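Note that the structure is a prediction, hence the values are computed from the model and not measured.
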2 protein chains.
Amino acid sequence: MEKLEEYYCYNGTQTVWSHYSSTLNCNMKFAIYIPEQATQTRLPVLYWLSGLTCTEQNFITKSGFQRYASENNIIVVAPDTSPRGENVPDNDSYDLGQGAGFYVNASQKPWNVNYHMYDYILEELPKLVENNFPVTDKKSISGHSMGGHGALVLALRNPDIYTSVSAFAPIVSPSQVEWGKKAFSHYLGQDEKNWELYDSVKLILNGYKADNIFIDQGLADSFYKTQLHTYLLEDACNSKQVPITIRYHNNYDHSYYFISTFIEDHIRYHAEKLRE
Amino acid sequence: MEKLEEYYCYNGTQTVWSHYSSTLNCNMKFAIYIPEQATQTRLPVLYWLSGLTCTEQNFITKSGFQRYASENNIIVVAPDTSPRGENVPDNDSYDLGQGAGFYVNASQKPWNVNYHMYDYILEELPKLVENNFPVTDKKSISGHSMGGHGALVLALRNPDIYTSVSAFAPIVSPSQVEWGKKAFSHYLGQDEKNWELYDSVKLILNGYKADNIFIDQGLADSFYKTQLHTYLLEDACNSKQVPITIRYHNNYDHSYYFISTFIEDHIRYHAEKLRE
């Protein structure tokens, strides 16, 4: 592991690291914020998954989460959104290939060599974090857009691993929208049956559960009606009696200005669950 | 004026505008955050001046100031840091030309056609803001690094215009450090007598005053000992009995992680003075 960046922020340290990922077969970057309290005691971790086109930088430079992580004594890990590098397959479009990993384990060529973000987030990254930083084994997960999809899927499929889950403007049912159909047909192939394990709405309808799901969605979000379809998750949760809290916000869009406004509520939500 | 960007944030609006500046003889961009309370009453304005290489974007995307502007009911205007465009003189180095206006009125060719940031910030921009947004005529000023220098110079020379002044890691005496010597010799010529009006330490020593000056400086700032020399301003203020509050912070550097940690204190400081 190599430390690439280090900043002091709200009495804690924001660092960025590079390491070789054997799951993704390439070098990967991730960011980690460690509050001051971690000098005295191990702290639980919130994993944050970013959206399309993002890297490990977006959340740490634009959301302002450090204040709330510091106040609530949780460590926050923000990985890059896909494998990267000259030898990693890519595509000219912003919604496929590098920067668009969709948090799946790809089965199709050429993606299947590197695109295993599901396993990376679930297994390799936490192991690395637990071996190198003052963390407990308690973890929660959140994310934005494509990262919201990733957080929901990881939490629903691994309820014993993640204490709580939340999302900003998640792609709740990639199988049913253009972003997801494009990505999944490339990464997972044409058989839509194989998509169901990466679709939070399908997971819920197939009996997967969570103690609670917390979502913020802006109503001025230009992707809300075309790619996000939040109501599909609301309907699925209601039909399966899975507790869900969705807050719809007038005027707010898909940007980090929206995230920065409400990130405090998400950090507090997870911190409370992680303390239980 | 053309609106380029608009986001809802902390119940207010963050917008970015383009306009033709007759002071700078080019198109300019500026950002303005307007809290919700401005729908009912006019609010005072804090002008924020950014540092070398920055545009109007850095402060609005990275500092997280919107929360505090919203809570304290002040409007915040963040202009670009220099004239811009194909027809505006530039230089290959990051600390001269576009992105490095140093908030002076240049007297030397080729800079003197466009580089009048002092007049732009003092006169043209406030007039534009007052004609188009729900502001009072009360204003304060703050900034970072080169922008901290700009804020100090503008406030010291115009105590009737600016209610209060603060800065993060300001270049307190550009005449005495490499950044300033390079910029001033190009913009203002070799006669250092002409630099004094753009040097906060020289201004203080020449009898200019402020009600109070509030500065935050990180002690892990890599420019602290080479370009900033905060103690020069401290000494000048003490010798001339100008009230100054300087907070030195262990571990903090020159980045926006530093600014985001302490921006609340600056917003509250100005809001309190502006309410008096």
Heavy atoms, side chains only, cut-off 4.5 Å: are B:Tyr8 and A:Thr261 in contact? no
Count the heavy-atom pairs under 4.5 Å between each of B:Lys62, B:Gln14, B:Arg67 and chain A, then report the option with the highest count. B:Arg67
Among B:Phe258, B:Tyr68, B:Tyr256, B:Phe262, which residue has the highest count of heavy-atom pairs closer than 4.5 Å to chain A? B:Tyr68
Please say whether more than 12 non-hydrogen atoms of neighbouring residues, nucleotides or ligands are located less than 6.0 Å from [atom1] in [X].
X: A:Glu71; atom1: CD; result: yes
X: B:Lys29; atom1: NZ; result: no
X: A:Glu6; atom1: CD; result: yes

Contacting region of B:Ser255 [heavy-atom separation from chain A under 4.5 Å]: side chain
Against chain A, label B:Ile60 side chain, backbone, both or neither, depending on which of its atoms sit under 4.5 Å from a heavy atom there. both
For residues A:Asp253 and B:Tyr7, report the shortest heavy-atom separation together with the two atoms involved. OD2-CD2, 3.3 Å
Would you name the heavy atoms of B:Tyr252 and A:Asn11 that are closest together and state the gap between them? OH-N, 2.7 Å
Out of A:Ala220, A:Gly64, A:Ser70, A:Ser260, return the one with the most heavy atom pairs under 4.5 angstrom to chain B. A:Ser260
Separation between CD of B:Glu5 and OH of A:Tyr257, rounded to the nearest 0.5 Å: 6.5 Å
